Amino acid sequence: MKYGRLMAVVAALMFLPMLVGAETGADLWLRYSKLPESMATGYRKEAKSLVVTGNDATQQAAAGEIRMALRSLLGTTPTLSKGVADGSIVLATSSDKIVKDLIPGGLELSDDEAYVIRTVSVKKGKAILIAGRTTTGILYGTFDLLRRMQNGEDISNLDINEQPAYKLRLLNHWDNLNGTVERGYAGHSIFWNREESFEQLKDQYLTYARANASVGINGTVLNNVNASPEVLNTENLERVKQLADLFRPYNIKVYLAVNFASPAVLGGLDTADPLDENVQQWWRDKAAEIYKMIPDFGGFLVKANSEGQPGPMDFGRTHQDGANMLAGVLKPHNGVVMWRAFVYEPTNSDRAMQAYNEFMPFDGKFADNVIVQVKNGPVDFQPREPFSPLFGAMQKTPLMVEFQITLEYLGHSNQLAYLATMWKEVLDADTWALGAGSSVARATDGSLFGNELTAIAGVANIGRDINWCGHDLLQSNWYAFGRLAWNHQLSSEQIAEEWIRMTFTNDDSFVSTLEEVMMRSREAVVSYMTPMGLHHLMGWDHHYGPEPWTDLSWARADWLPRYYHRAGEDGIGFDRSSKGSNAVSQYFSPLREMYDNPATCPENLLLWFHHLPWDYRLASGKTLWDALVYKYYEGVEQARFFQKEWDKLEGKIDQERFEAIRYKFKQQTKEAIWWRDACVLYFQTFSKRPIPAELERPVHDLDELKSLKFDLKHHN
Ligand code: GCU
């Protein structure tokens, strides 16, 4: 067979499952699978006709979505109508005459993305009005109504008012121009180095845009923070423009991560010094080129002077000089600069303190279109960290939280860790900056310090895998990030439940079983990987699997687990108390004192802040050693529980996704045991204390675990 023919056959086979209607996960939570008749009958009465007041692309996207969705959910498509009657759904902006007719006194909406959904009286019945100040509000309101229907909610008497918590709600894709994805575990980049034409990819990109819009994500950074200067060449900007044009109706702006040395590397200048006039002119010209192609381009994300990336400090300048130079360039175009605070140096005695030390001196000195992007914790997306002390402390500078949706340190795409619980833990944490109630959410959403520019970012877990995320259940994290970015007061349970109903089924026992598993999942991962405040115990380069013993003479100390766990015969943990590195001093009172004292420090952060003897007695009466071992064992029991619970669900959903997920849970249990045994046996070499007799014996021995080489095939 000729190669071309063969490839055609291979391609046909790949798409076969889709042709025969197999569930691939490709539709995410927008499956709109047919609702049971008991639910559909009522909804049909509320959705007999559709009134759309305008032709704008966003409003049309909303209209198209609702028609397609209702056809699928209810089996009937609402007729398009000009007049409002009983059973109409009306899509309008608040300034449309129809809204004034339906709502005496009209509608006042405070935000361009805000919307209302109201049941309104009409002649001989009632209608549903979805109205925004702009058509974006209509789009968001439409997805809201559809979500309620997918969840089987009563829509007969609606009075919903929504507006977003953060202005910019962004995905960050760590996608390289060669198509690989840094810390991506779901295949190659959906954006870069594709063989298919843009036309061929359009449907996939539309699903991406619809999925984002359905949860209110309104921006996407298309390339890796470790940015190639080449992203700014004209050919790549053409691709960025194509994406921007396609995403625009869905209210998604595109952004780029830029390399600070671009004027030198790409522009051929002999410097990238931000105070150099030619450098500034190069950036101005580049910005003009970009905005000519993409008038609503969002702005730049910058990783500077971090992990070998170039930055203003290479030229004796500061973060302030670098960020403000780019801010000046983008200001005339209404663009923003997201300047990352992820910095650390090998010379620093406590890496967890460095971002604070490096950025606090610049508080209040950044231009007003700069926002500092801070990872949720002071080290690096560990399964559990305290919140970064910069939140609440930098009060005159807008800060945005960067979460990681991709599970770099939590099992890649092979383990389930539903992260809404972790993100809520961070967002709800009280910084005490202005007394009680100064949560991280309030310190970043403008309500505490009055900053106008507000944003939040999540490092995407998306790739070319047919199910987008490499693990069907990890789609929930993409969904949850968007929902929390829109409203950080939603509960993790609510988000999980919505997502399960939309993605799988409304079968109540399925929903409650999976919800419980999801709700426990992140804590389980913490327990079998890094309990009680331990962190950074994984393989130092791939970040997958336990290697607490790693010792590389040539590597930087702060790359290695031993720098973080400090296990020895005298005990374990990093002393960040006032007797140690004093990282506790970066927090406000009374947190500072609470963390400083091992008796009051929360047990789940104990070894983050303290180095304690193995026989240290916890409130429970257990010794530290026993408590730690129990935690590792508890994590494994949780993983086993997930596996068993999932097995009970067979037959309640399609076999394809059921089997794929079953396999993942099986693997997760194996890996949980791998983590438990590695950490417990390794720490035991220092503690010299027994594993409590009532616990099962480790499955592996330490030498075997140490020689186990991580297999890269795990990744995709
Ligand atoms: C982590 C991650 C890197 C990434 C970096 C960043 O260190 O392992 O791959 O580049 O974070 O956020 O910049």
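Bear in mind the structure is a predicted one, so any value in this text is a computation, not a measurement. Order of listing sets the numbers, starting from 1, for every ligand and every atom in it. Here, residue 1 is the first one in the sequence, and each next residue gets the next number. Reckoned from all heavy atoms, side chains included, excluding hydrogens, waters and symmetry mates.
Outside the 6.0 Å centre-distance limit, the rings of Y563 and H535 are not counted as a close aromatic pair.
Using a 4.0 Å heavy-atom criterion, the residues that approach ligand 1 are W174, E182, R183, V225, N226, K303, E307, R340, F342, K375, D380, E408, Y409, H543.
Environment of CD in E235: sparse, with no more than 12 heavy atoms of neighbouring residues, nucleotides or ligands closer than 6.0 Å. Other residues, nucleotides and ligands contribute at most 12 non-hydrogen atoms within 6.0 Å of the NZ atom of K631.
Ring pair F260/W283 is tilted by interplanar angle, where 30° to 60° counts as tilted. Classified by interplanar angle (parallel below 30°, tilted 30° to 60°, perpendicular above 60°), the ring pair Y208/H173 is tilted. Ring geometry for F387 against Y587 counts as perpendicular: the plane angle is over 60°, on a 0 to 90° scale with 30° as the lower cut.
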